[in-house]
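Here the structure is laid out as structure tokens; the discussion comes afterwards.
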Amino acid sequence: QVQLVESGGGLVQTGGSLRLSCAASGRTFSDYIMGWFRQAPGKEREFVAAISRSGGSKSYADFVKGRFTISRDNAKNTVVLQMSSLKHEDTAVYFCAAGQGQASLMMVYNTIAQYGSWGKGTQVAVAS
């Protein structure tokens, strides 16, 4: 299993920006498809964004397209979620996840079941 630690959450005003980082350790980072999920109070965990092993393929939930950007640095074992134009409804705990990759360097995963390793999450609060 790869170990994941998120950072960068906090309180921001509507329309503001935050940069979430996830540091991975324990395994070869480039073997993993990486994703971000979020869970708001009283709601189920939902997919936000994912990035392929090579970083060449990305997937986003419709509600963040054009506002959030996922990236990774395989040399630094990190994945970043840059969030802008934040809305109150983006308030949630954000989780970093790693899924064992297949042969394709371009494959992405967008379901919870495809990810086997999870961080503990970082809180994002957007004031309305």
Side-chain angles (χ1 to χ4, degrees):
Q1 294 282 357
V2 61
Q3 287 77 50
L4 304 171
V5 178
E6 303 95 336
S7 62
L11 175 64
V12 65
Q13 296 294 317
T14 296
S17 299
L18 278 177
R19 183 177 183 272
L20 305 184
S21 293
C22 174
S25 63
R27 296 282 183 169
T28 303
F29 183 64
S30 59
D31 285 346
Y32 291 87
I33 296 165
M34 300 301 297
W36 286 94
F37 290 75
R38 71 184 188 185
Q39 188 166 18
K43 295 188 177 181
E44 295 186 350
R45 192 170 298 191
E46 62 182 356
F47 170 76
V48 175
I51 189 167
S52 65
R53 293 168 58 201
S54 67
S57 180
K58 304 175 184 180
S59 178
Y60 296 94
D62 286 344
F63 53 77
V64 302
K65 284 182 179 177
R67 300 190 299 124
F68 292 9
T69 301
I70 188 170
S71 61
R72 69 187 294 162
D73 186 335
N74 285 344
K76 296 183 179 179
N77 293 353
T78 58
V79 60
V80 169
L81 185 69
Q82 180 67 48
M83 307 186 295
S84 61
S85 302
L86 283 162
K87 306 175 182 179
H88 178 65
E89 51 264 42
D90 293 320
T91 296
V93 177
Y94 283 71
F95 297 90
C96 176
Q100 190 73 48
Q102 304 300 313
S104 170
L105 294 176
M106 299 296 285
M107 181 174 290
V108 292
Y109 298 153
N110 60 8
T111 66
I112 292 172
Q114 292 172 306
Y115 291 87
S117 299
W118 294 82
K120 294 183 178 181
T122 184
Q123 177 72 55
V124 170
V126 184
S128 57

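Since the model is a prediction, treat every value here as computed from it, not as a measurement.
Remark: the backbone N or O of Cys22 is not paired with any side-chain donor or acceptor of Glu6 at under 3.5 angstrom. Put simply, the side chain of Ser57 never gets that close to the backbone of Ser52: no donor and acceptor are under 3.5 Å apart. Between the side chain of Ser117 and the main chain of Ala97, no donor-acceptor pair closer than 3.5 Å is present.
A search for side-chain contact (heavy atoms from CB on, under 4.5 Å) contacts involving Ser17 returns Gln82, Ser84, not counting sequence neighbours. Residues forming a side-chain hydrogen bond (donor to acceptor under 3.5 Å, both in side chains) with Tyr109 (at least two apart in sequence, or on another chain): Gln102. Under the side-chain hydrogen bond (donor to acceptor under 3.5 Å, both in side chains) criterion, Gln13 pairs with no residue at all, not counting sequence neighbours. Legend: residues meeting side-chain contact (heavy atoms from CB on, under 4.5 Å) with Gln39, ordered by chain and number and at least two apart, are Arg45, Phe95. Partners of Thr122 according to the side-chain hydrogen bond (donor to acceptor under 3.5 Å, both in side chains) rule, which considers only residues two or more places apart in sequence or in another chain, do not exist here. Considering only residues two or more places apart in sequence or on other chains, Lys43 meets the side-chain hydrogen bond (donor to acceptor under 3.5 Å, both in side chains) condition with none of them. Qualifying ring-ring contact (aromatic ring centres under 6.0 Å, His included) partners for Phe47, counting only residues two or more places apart in sequence or in other chains: Phe37.
Using a 4.0 Å cut-off between charged nitrogen and carboxylate oxygen, Arg38 and Glu46 count as a salt-bridge pair.
The salt bridge (Lys or Arg N to Asp or Glu O under 4.0 Å) contacts involving residues 17-35 comprise Asp31-Arg53, where partners must be two or more places apart or lie in separate chains. Each salt bridge (Lys or Arg N to Asp or Glu O under 4.0 Å) pair with one or both residues in residues 67-86, not counting sequence neighbours, appears once here: Arg67-Asp90. Screening residues 25-77 for disulfide (SG to SG under 2.5 Å), with sequence neighbours left out, gives no hits.
The nearest pair of heavy atoms linking Tyr115 to Ile33 is CE2-O, 3.6 Å.
Hydrophobic cluster membership for Val108: none, as no Ile, Leu, Val, Met, Phe, Trp or Tyr side chain comes under 4.5 Å of it. With a 4.5 Å cut-off between side-chain heavy atoms of Ile, Leu, Val, Met, Phe, Trp and Tyr, the cluster of Ile51 takes in Val2, Leu4, Val12, Leu18, Leu20, Phe29, Tyr32, Met34, Trp36, Val48, Tyr60, Phe63, Val64, Phe68, Ile70, Val79, Leu81, Met83, Leu86, Tyr94, Val124, Val126.
Note that CD of Gln3 is 11.0 Å distant from NZ of Lys120, once rounded to the nearest 0.5 Å.
Gln123 places a side-chain heavy atom less than 4.5 Å from the side chain of Thr91.
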